[in-house]
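In what follows, every chain begins at residue 1, and chains take the letters A, B, ... in the order their sequences are listed.
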Amino acid sequence: MAMGNDALVIAGKSFSSRLIVGTGKYASNEIMQRAHDASGAELVTVAVRRVNLSDRGRGSLLDFIDTGRYSLLPNTAGCYTADEAVRTARLGREVGLSEWVKLEVIGDERTLFPDNDGLLEATRVLVKEGFVVLPYTNDDPVVCRKLEDAGAAAVMPLGAPIGSGLGIQNLNNIRIIREFAGVPVIVDAGVGTASDAAVAMELGVDGVLMNTAIAGARDPVAMADAMKLAVAAGRGAHLAGRIARRRYAAASSPADGLLSA
Amino acid sequence: MAMGNDALVIAGKSFSSRLIVGTGKYASNEIMQRAHDASGAELVTVAVRRVNLSDRGRGSLLDFIDTGRYSLLPNTAGCYTADEAVRTARLGREVGLSEWVKLEVIGDERTLFPDNDGLLEATRVLVKEGFVVLPYTNDDPVVCRKLEDAGAAAVMPLGAPIGSGLGIQNLNNIRIIREFAGVPVIVDAGVGTASDAAVAMELGVDGVLMNTAIAGARDPVAMADAMKLAVAAGRGAHLAGRIARRRYAAASSPADGLLSA
Amino acid sequence: MAMGNDALVIAGKSFSSRLIVGTGKYASNEIMQRAHDASGAELVTVAVRRVNLSDRGRGSLLDFIDTGRYSLLPNTAGCYTADEAVRTARLGREVGLSEWVKLEVIGDERTLFPDNDGLLEATRVLVKEGFVVLPYTNDDPVVCRKLEDAGAAAVMPLGAPIGSGLGIQNLNNIRIIREFAGVPVIVDAGVGTASDAAVAMELGVDGVLMNTAIAGARDPVAMADAMKLAVAAGRGAHLAGRIARRRYAAASSPADGLLSA
Amino acid sequence: MAMGNDALVIAGKSFSSRLIVGTGKYASNEIMQRAHDASGAELVTVAVRRVNLSDRGRGSLLDFIDTGRYSLLPNTAGCYTADEAVRTARLGREVGLSEWVKLEVIGDERTLFPDNDGLLEATRVLVKEGFVVLPYTNDDPVVCRKLEDAGAAAVMPLGAPIGSGLGIQNLNNIRIIREFAGVPVIVDAGVGTASDAAVAMELGVDGVLMNTAIAGARDPVAMADAMKLAVAAGRGAHLAGRIARRRYAAASSPADGLLSA
Amino acid sequence: MRITLNGDPYELGEPMTISRLLARLDIDPRRVAVEHNLVVVKRAAFASTTVRADDTVEIVNFVGGGQESAP
Amino acid sequence: MRITLNGDPYELGEPMTISRLLARLDIDPRRVAVEHNLVVVKRAAFASTTVRADDTVEIVNFVGGGQESAP
Amino acid sequence: MRITLNGDPYELGEPMTISRLLARLDIDPRRVAVEHNLVVVKRAAFASTTVRADDTVEIVNFVGGGQESAP
Amino acid sequence: MRITLNGDPYELGEPMTISRLLARLDIDPRRVAVEHNLVVVKRAAFASTTVRADDTVEIVNFVGGGQESAP
């Protein structure tokens with residue numbers, strides 16, 4: 001089928017799904033597990049946190065993620081400086097035994113917008129240490145180019161603020177970023193519902209990363225399925241080549257042979 | 001799977017696909033056939049025209065539509081009066097041996113907007129004659145209610161002008177129509193790409209009918225597949241219950257356990 | 001000044017303002033009076049109602065409208081049939097000694113969308129009786145053409161539901177209506193704030209009618225002033241001819257003579 | 001009148017107009033002069049360039065700007081590094097004998113998006129030297145906060161790429177920037193027509209800067225007038241407090257006293 | 001004798017012209033319009049039009065209103 | 001003798017049933033519908049319905065079409 | 001003797017390897033990463049790395065998280 | 001002797017003040033700014049600042065420009 005040989009390739013690694021999902025905010029690990037299954041995702045991002053020494057109750061997150069099926073993408077969620085992010089990335093590598101990192105350096109705790117300076121600095125350090133760096137950034141073409149120049153394996157501009165569910169706010173910027181970038185472009189954050197993911201893919205981006213839109217839905221498993229379909233639909237439409245827009249009317253039935261003729 | 005028992009039911013007949021497709025504007029009947037296959041549609045609309053007595057060359061359209069697999073929906077495309085539409089519907093019934101008709105009474109040849117008066121009049125006549133009438137209409141809640149009162153089996157408001165590819169122009173009207181209607185609401189015309197179909201379904205409508213968006217795409221077969229996915233994605237998202245919109249920031253990773261804490 | 005000789009002409013009568021305002025929902029007649037003054041409007045619409053025989057307290061509305069400065073436009077607000085609307089229009093003519101009527105025939109009490117059949121019928125009757133008929137209608141190009149054919153002096157499509165404040169929902173339809181109409185097009189209903197009025201005028205329509213957006217604002221007088229400016233701004237931009245849209249970048253400073261050169 | 005005591009104050013200097021205009025791309029200096037007059041602007045931005053030693057023909061730009069009426073805002077247009085921008089700003093100060101500078105450090109020649117790092121660096125240097133720095137930046141709340149912390153007298157986020165005329169692409173970001181900023185927010189670049197300026201002002205920003213939208217219009221003088229009105233309209237509506245949005249219907253005429261009652 | 005006035009029963013006493021009826025109701029004739037048995041009565045005819053038993057009379061004026069009202 | 005067939009004059013020669021007319025035109029009756037003087041003729045009645053001079057006959061079938069066509 | 005473990009003071013008693021510390025804490029070494037005085041310790045070095053008085057130790061693992069968390 | 005003036009080589013003849021240079025170039029000193037070897041020269045110092053062989057001089061003024069220019 002059409003999507004078959006249309007793989008997403010990041011740092012030489014190939015994925016048949018263009019949807020990347022998170023592991024936060026689920027009512028239970030069981031629901032998360034079923035949502036991951038429904039999403040068809042192959043790459044799953046996880047946070048790095050101190051082991052809770054007082055309460056060791058709930059089992060490890062990894063008991064609910066089949067690492068044979070899903071590749072783990074440790075993230076530096078919650079880091080506000082390049083140093084913190086670098087330390088967190090290094091620890092994540094030890095836990096997951098993987099060089100991949102979803103790099104986040106947050107610049108504002110209210111909007112969770114990235115701090116692009118810190119992000120760039122941390123990217124340089126981690127790339128030198130052999131990491132495959134996927135930075136979460138603003139939808140700024142200049143910053144994306146600098147991240148690419150610094151060795152980022154992909155750039156992940158936000159579509160709208162984390163958890164806002166507003167959908168892609170600046171279609172023009174995302175399109176420009178995709179047009180100029182030499183690495184995969186993944187829209188990270190802002191998707192609220194299926195059509196938002198389709199819109200992003202139709203712009204030509206290489207993938208979409210989301211967490212809240214699925215985990216926060218009334219039925220996360222059904223939404224995960226819808227997102228899987230929407231990402232494939234948007235990608236398919238992008239490749240199929242949509243019709244041109246016109247202000248009005250183009251017949252889709254022949255004009256001759258009418259009774260009235 | 002989630003969609004399994006979520007059938008579209010019109011006049012007591014059940015369809016597992018919520019996408020209705022056309023048969024016009026294809027480069028060849030073979031491509032049309034493959035696009036229909038990819039679309040997953042079960043209902044296909046066809047035009048009624050005089051047999052071309054001079055050139056009998058190209059085979060019949062019906063040689064390319066497996067009527068065992070697809071239900072035919074004759075339409076009254078190109079009719080500008082209630083009379084013409086009624087005559088055309090009656091003839092379509094004889095050819096197809098089916099009571100179903102996609103009723104069109106056009107009011108303006110440039111925009112192909114419907115003539116709602118003629119549409120209502122023809123609906124009354126045909127319903128009395130036992131037709132299952134699916135009228136193509138404007139996105140006017142009052143007209144849709146009158147059509148329903150006149151016995152229409154569904155209402156099919158336009159999302160944008162035929163063949164414009166502009167996508168749903170008035171989300172509010174379509175939502176209002178769906179909110180008040182007691183019969184299925186099918187968005188007919190205006191879809192340009194996959195996300196447009198997803199947006200329509202997310203409004204809660206029961207189905208989408210399209211022709212140009214698929215037939216006019218650079219790769220109609222791939223677009224048909226994308227539309228199938230988009231309709232299912234939008235429907236799925238509608239049922240799954242999307243997250244609320246916020247202006248900014250909602251964490252999707254836990255705040256405690258940070259190294260910085 | 002540029003607007004000076006750009007008058008709005010309806011049925012041979014010339015107005016220097018393209019803003020038409022209402023008289024409903026004001027906290028007091030005094031505020032209404034000041035808002036009318038700030039709006040610069042010359043045409044004011046009023047409702048026709050039974051004299052309240054039990055409570056004759058509050059003075060007549062006309063004590064607060066200088067009919068030397070403002071032309072009155074009686075409306076048939078609240079009428080649900082052509083007959084009611086015709087009776088109301090005839091009575092309004094006697095009170096105001098003017099042939100002008102803002103014709104409304106409502107089709108649905110929840111959305112207050114027009115009943116276009118009744119509207120057309122009432123238009124025909126009133127035009128025969130010498131009325132200058134300004135019908136409030138849906139944004140349907142076919143209905144607008146029929147109203148024009150029936151003798152309407154202008155057509156007044158809604159931009160969004162009455163009192164919704166959503167702004168123009170279907171720019172494409174309004175543009176099409178303006179493109180095809182041979183009489184003035186006034187956007188009636190839906191404006192929520194100043195930019196909505198500017199957007200409408202930029203589409204090329206001849207005027208905007210509003211009530212709730214002004215009367216319901218926190219400061220109706222200030223909003224009336226803003227609406228006056230917005231209507232003039234939108235009209236001015238329409239006539240001035242805006243720049244073309246581009247996806248990005250066009251220098252507005254010379255490239256030569258840079259220090260770096 | 002309402003706007004009278006609603007001055008724009010930047011670095012302690014008060015302006016009665018919230019529109020800032022440019023001096024580039026005009027067909028002639030005479031048209032520029034008339035457009036400036038029509039715009040009502042009090043602050044005009046000019047570029048700093050090498051004197052053309054070979055051709056001294058056309059008179060100085062300053063012969064067409066009454067510096068008694070307009071304050072000059074030298075800009076560092078075309079600078080791609082902090083150093084160039086600083087040198088250019090220093091020279092601009094000597095020519096204009098004013099500390100004010102519209103600081104631009106461009107990061108990409110195709111999109112003319114700013115280089116926020118260079119911008120921040122140059123801001124720090126120039127603020128130390130006593131300049132009143134108004135930086136042109138991306139619509140990034142984190143960068144805007146850093147510029148403010150660095151001593152910028154205002155922040156000037158872009159609404160869309162320079163000269164694109166696309167209007168404000170990311171309303172949410174501009175609103176967030178305005179919400180968090182402690183200095184005036186001026187939307188710089190992206191405005192295409194009057195309603196775009198009104199929309200920006202309705203978000204609560206303190207002013208709008210534009211050049212191409214006026215200079216490139218078919219009739220620059222008329223467009224300048226329209227922009228003056230639009231900025232005042234948007235500001236007025238922002239202060240007046242718009243009505244809430246509803247999906248449908250709110251009566252604006254009384255329900256009692258109808259003939260049908 | 002009774003008539004129907006603005007939708008409600010009204011005790012008139014004796015037949016009278018619209019002018020007298022308006023005067024009795026203390027209504028300024030220049031600010032209203034009158035419908036008598038579904039026919040609009042020109043202002044000039046107020047003095048010569050007599051309201052009789054069982055007649056229906058509507059007296060209307062202008063009130064504030066912008067766009068149609070929900071019933 | 002002439003009839004009007006699908007909007008054009010057509011020389012029929014002699015009166016004949018719709019079945020014979022279709023056969024002469026080499027049209028498969030199962031793929032078309034026929035209107036005779038503005039009345040639809042059921043397929044079962046093709047053999048018993050005779051077309052005579054000056055009659056109007058429409059023979060239609062299905063063609064590709066999605067949404068209404070511009071004239 | 002005390003160390004700082006995951007940000008809090010912790011009474012260790014005597015110097016011990018990271019392996020012993022994890023065992024005492026009942027933590028599966030294959031599921032965590034350890035930072036010792038701001039340096040990440042490879043898993044292979046857990047048994048040969050000794051924690052002494054006043055050292056700082058961080059023990060982390062993976063938890064659910066999609067996008068950055070508000071502090 | 002030569003200098004670099006606005007990016008191009010320029011034959012000066014002999015050392016001279018910025019004031020004389022501007023006069024020779026027929027440039028109104030009140031409308032321009034001058035950078036001498038990368039240092040901005042205040043207008044008041046034009047008469048006391050001497051340009052010598054191999055110096056670099058930039059003479060700039062205001063031109064029309066709104067937003068940044070593409071190179």
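Most heavy-atom pairs under 4.5 Å with chain C, from the set D:G167, D:A217, D:G192: that is D:G192. Between chain D and the options C:A160, C:A226, C:P220, C:A198, heavy-atom pairs under 4.5 Å are most frequent for C:A226. Ranking D:L166, D:T88, D:D196 against chain C, the residue ahead of the rest is D:L166, based on heavy-atom pairs under 4.5 Å.
Of the inter-residue distances, the one linking C:R247 atom CZ with D:R110 atom CZ reads 11.5 Å to the nearest 0.5 angstrom. Rounding to the nearest 0.5 Å gives a distance of 15.5 Å between CZ of C:R242 and CG of D:D219.
Closest non-hydrogen pair, C:A222 versus D:A240, comes out as CB-CB, 3.8 Å. Scanning all heavy atoms of the two residues, the minimum distance from C:V191 to D:I243 falls at O-CD1, 4.3 Å. Minimum interatomic distance between C:S195 and D:V199 (heavy atoms only, all atoms of both residues): CB-CG2, 3.6 Å. The minimum heavy-atom distance linking D:A194 with C:A233 is given by the pair CB-O, 3.7 Å.
At a 4.5 Å heavy-atom cutoff, the contact between C:A244 and chain D is made by backbone atoms alone. For chain C, no part of D:I214 is nearby; none of its heavy atoms comes within less than 4.5 Å.
A donor-acceptor contact shorter than 3.5 Å links the side chain of C:R218 to the backbone of D:L239. Checked by atom type and distance alone, the side chain of D:E202 never pairs as donor or acceptor with a backbone atom of C:T193 at under 3.5 Å.
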